Number of protein chains: 2
Amino acid sequence: MAIKRAKTMEDIARLANVSKPTVSRALRNSPLVTEETRRHVLDVATKHGYVINRNAQKLRESRANTIAVVLDFSSHRENRISDPFIFNLLAGVSEALGQRDQDLLLCSPAHSSVESLGSITTSRGADGIIFLGEGGRRDDLIALAERAVPFVVWGAVEKTLPYCAVGSDNFQGGFLAAKHLLDQGRSRFLFIGDTHHAEINLRRQGFIKALSEEMGARAANLVVSDMSLDDFSYGASHRAATEMVKGPRPVPDAIFAASDTAAMAVISAFRAAGLSVPEDVSVVGYNDIPASEHFHPPLTSVRQDVHVAGALLVEKLMLAIEGRSPQSTMLETRLIVRASS
Amino acid sequence: MAIKRAKTMEDIARLANVSKPTVSRALRNSPLVTEETRRHVLDVATKHGYVINRNAQKLRESRANTIAVVLDFSSHRENRISDPFIFNLLAGVSEALGQRDQDLLLCSPAHSSVESLGSITTSRGADGIIFLGEGGRRDDLIALAERAVPFVVWGAVEKTLPYCAVGSDNFQGGFLAAKHLLDQGRSRFLFIGDTHHAEINLRRQGFIKALSEEMGARAANLVVSDMSLDDFSYGASHRAATEMVKGPRPVPDAIFAASDTAAMAVISAFRAAGLSVPEDVSVVGYNDIPASEHFHPPLTSVRQDVHVAGALLVEKLMLAIEGRSPQSTMLETRLIVRASS
DNA sequence: ATGAAAGCGCTAACAC
DNA sequence: GTGTTAGCGCTTTCAT
């Protein structure tokens with residue numbers, strides 16, 4: 001059997017007795033071609049299994065119809081961090097891109113600096129970039145905003161950012177968590193999370209805000225403490241919580257952890273130390289990952305709609321690519337109350 | 001500010017006082033260029049922030065250095081199926097591709113038939129395809145194997161497959177699970193899983209095999225039953241298990257569920273019915289998803305190395321692209337014993 | 001409504 | 001070692 005060279009537009013043109021541009025127009029549903037000709041061309045094309053060469057098309061056109069999505073796997077793999085939230089987000093983005101017929105180029109930042117990621121657009125491999133998480137590279141992102149690279153970021157939303165961000169309303173999430181814990185009659189509060197992350201810090205601010213509003217009413221007998229973790233893995237959280245339980249009494253009776261994984265670890269450590277959840281201590285997590293519902297006890301958590309998030313990220317990026325300047329948006333958060341609180 | 005047109009190779013050539021091909025050679029570290037010239041060209045290129053146009057390059061070259069990865073998000077989203085195993089696999093593949101400097105084009109089968117996915121290679125958007133899960137489209141994959149499209153599949157590994165597959169040794173996994181349950185002195189066995197899936201069916205076969213080997217020794221007082229679920233979600237599994245507990249006694253005292261999610265659901269249902277795990281019933285799951293370790297009780301599960309799996313998938317696909325015919329491979333499975341059994 | 005010609009940015013063949 | 005020429009497969013003028 002002879003080597004099969006893929007059919008080109010020229011081949012189809014010859015087979016259909018028309019010219020190359022006519023084939024092009026027919027395939028693109030141009031109004032400049034007779035319905036009859038179009039039918040004929042399409043017939044011939046499908047019969048011969050013709051598929052357009054995307055690379056030639058991309059070279060010729062100004063747009064690649066491809067979006068680069070940057071997702072930091074590495075931090076997830078090494079410690080089996082188990083917070084699958086980011087994957088749900090990826091699914092949301094994937095679907096939104098599919099609806100717009102955009103290809104999704106998945107990039108890992110591990111192998112490439114933000115600098116070189118920026119060049120993915122100038123190298124015309126993609127029209128724009130979606131960063132799923134700022135991953136401690138905010139400075140790089142700010143630098144990238146200077147260059148004419150269309151991109152949007154899932155992460156903390158702040159007025160001062162020079163780029164478009166979409167993110168959960170972290171402040172509101174923390175606020176809701178605190179309100180709920182106050183409603184349970186708790187008084188010794190603990191916040192768990194690495195406040196070096198902007199998102200986490202906002203959650204803490206909302207948390208504190210709700211508590212301080214309450215201060216007056218409750219004769220200032222509220223106690224707020226912090227446990228900062230720079231490693232969100234289950235293991236690290238568990239160790240830290242175990243240490244804490246061994247420490248000075250009384251231990252907190254209300255915990256807000258900035259991730260479900262950490263919340264689960266803490267619950268586990270507390271129970272191992274003989275404390276009951278929610279009897280002795282109420283716990284609230286963040287992200288409402290699927291496992292939270294099945295945890296024992298089922299975990300109260302702050303949920304955000306990843307589906308909407310994905311659609312929003314894509315929509316804004318499209319605007320950015322068209323040269324407009326989309327606004328950042330915060331997504332409503334919702335407290336899913338379960339047995340852990 | 002004037003509109004910035006991206007610099008082309010020609011621009012760099014002019015700026016460096018050399019010809020276009022020389023720039024090309026310099027960038028590609030061709031031995032056909034003086035070290036001095038190369039330095040000079042590279043200097044000019046970096047100084048002017050030149051990045052090569054990947055589309056032009058792809059059009060010209062026979063390879064795109066891009067791999068399409070097909071991942072069925074939809075089944076995961078709708079019922080929050082929560083088995084993040086496939087994402088870990090994606091991470092493994094992503095890393096392996098990164099190491100080989102291959103781009104990863106993420107495709108959702110929802111928007112595209114296998115037929116059209118096959119054309120992604122002929123359209124030169126990618127050199128080959130990695131299917132992460134056969135997702136009930138085995139017939140399509142078999143059809144695709146007829147066409148000259150390089151692809152590999154994560155899924156069931158069987159001698160008769162006309163394509164290259166990489167997968168966990170499902171038979172061995174089921175076998176190990178049964179052996180372990182037998183070691184716990186159990187006698188009323190239940191297998192949970194949709195045996196229409198080839199992978200699941202193999203797990204069941206290994207499970208049955210181990211039990212039947214034991215039959216002789218134990219005076220045939222073993223009981224084996226099945227619970228088939230066509231929906232692996234936590235909710236469906238939970239409902240089915242709840243029904244079962246209400247049914248005729250005695251209930252099983254040893255359960256092997258073909259996914260961790262289902263295992264968790266069953267444990268939860270059984271405990272709600274007043275049964276204890278592992279006192280009354282031992283449970284073993286499959287995949288060892290991160291949540292398994294944190295479940296209550298921690299779940300015994302069959303683990304497979306996704307990191308190795310990703311590397312293997314990529315390696316074999318590369319061979320396929322080079323025109324060779326890589327062999328299918330089964331990955332060793334390991335039983336991670338935890339408190340649930 | 002259709003065709004002829006030009007050119008997107010790159011690399012491979014061939015000259016020198 | 002370097003430059004010249006040609007062409008990858010497509011879309012877009014510009015004719016007709």
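Atoms considered below: every heavy atom in the structure, side chains included; atoms not considered: hydrogens, waters and symmetry mates. The shown structure was predicted, so the numbers you read here are calculated from the model rather than taken from an experiment.
- In this structure, the CG atom of Leu59(B) is 8 Å from the C1' atom of dC10(D), given to the nearest Å.
- Without hydrogens or angle criteria, Arg137(B) side chain to Glu134(B) main chain gives a donor-acceptor distance under 3.5 Å.
- Counting heavy atoms from C-beta outward, Leu106(B) and Leu105(A) have side chains that stay 4.5 Å or more apart.
- Scanning atom types as modelled, no donor and acceptor separated by under 3.5 angstrom connect the side chain of Arg38(B) and the base of dG1(D).
- Around the CD atom of Glu158(A), the shell of radius 6.0 Å holds more than 12 heavy atoms that belong to other residues, nucleotides or ligands.
- Within the 4.0 Å cut-off from OP1 or OP2 of dG3(D), at least one side-chain nitrogen or oxygen of Thr22(B) is found.
- Close to dC10(C), at under 4.0 Å from its OP1 or OP2, lies no side-chain N or O of Ser24(B).
- For dT2(D), one of the phosphate oxygens OP1 or OP2 lies less than 4.0 angstrom from a side-chain nitrogen or oxygen of Thr37(B).
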Evaluate side chain to side chain donor-acceptor pair (under 3.5 Å) for Thr66(A) paired with Lys58(A), printing each intermediate quantity in order.
-> CA-CA 10 Å; Thr66(A) 301; Lys58(A) 287 179 182 177; 3.3 Å; yes
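- Ile67(B) is listed as a side-chain neighbour of Met318(B), based on a closest heavy-atom distance under 4.5 Å.
- Here the side chains of Ile130(A) and Phe151(A) are not in contact, with every heavy-atom distance at 4.5 Å or above.
- Contact annotation for Lys20(B): base contact, defined as any heavy-atom pair under 4.0 Å involving a base atom.
- Counting to the nearest Å, the C1' atom of dG9(C) and the CZ atom of Arg28(B) are 13 Å from each other.
- dG9(C) atom C1' lies 6 Å from atom CG of Asn53(B), rounded to whole Å.
- Between the CD atom of Glu10(A) and the P atom of dG7(D) there is a distance of 12 Å, rounded to whole Å.
- Between Gln57(A) atom CD and dT12(D) atom C1' there is a gap of 13 Å when expressed in whole angstrom units.
- Side chain of Arg60(B), nearest nucleotide from dT2(C), dG1(D), dA6(D): dA6(D).
- His48(A) contributes no side-chain N or O that, together with a main-chain N or O of Ile12(A), makes up a donor-acceptor pair within less than 3.5 Å.
- Counting to the nearest Å, the C1' atom of dC10(D) and the NZ atom of Lys58(B) are 16 Å from each other.
- Here Ser62(A) lies out of heavy-atom contact (under 4.0 Å) with every strand.
- Of the side-chain N and O atoms in Thr8(A), none sit less than 4.0 angstrom from OP1 or OP2 of dG9(D).
- Looking at which nucleotide of DNA chain D each of Ala56(B) and Val33(B) is closest to, the 5′-most match is held by Val33(B).
- Per the geometry, CD belonging to Glu61(B) stands 6 Å off P belonging to dT11(C), to the nearest Å.
- Two residues, Arg25(B) and Ile52(B), neighbour DNA chain C, and the one matched to the more 5' nucleotide by heavy-atom proximity is Ile52(B).
- Between Tyr50(B) and the phosphate of dG9(C), there is no side-chain N or O to OP1/OP2 separation shorter than 4.0 Å.
- Axis angle across the helix from dA1(C)-dT16(D) to dC16(C)-dG1(D), with five pairs used at each end and values rounded to 10°: 30°.
- In Glu35(B), the CD atom is crowded: over 12 heavy atoms of neighbouring residues, nucleotides or ligands sit closer than 6.0 Å.
- Rounded to whole Å, atom C1' of dT2(C) lies 16 Å from atom CD of Glu35(A).
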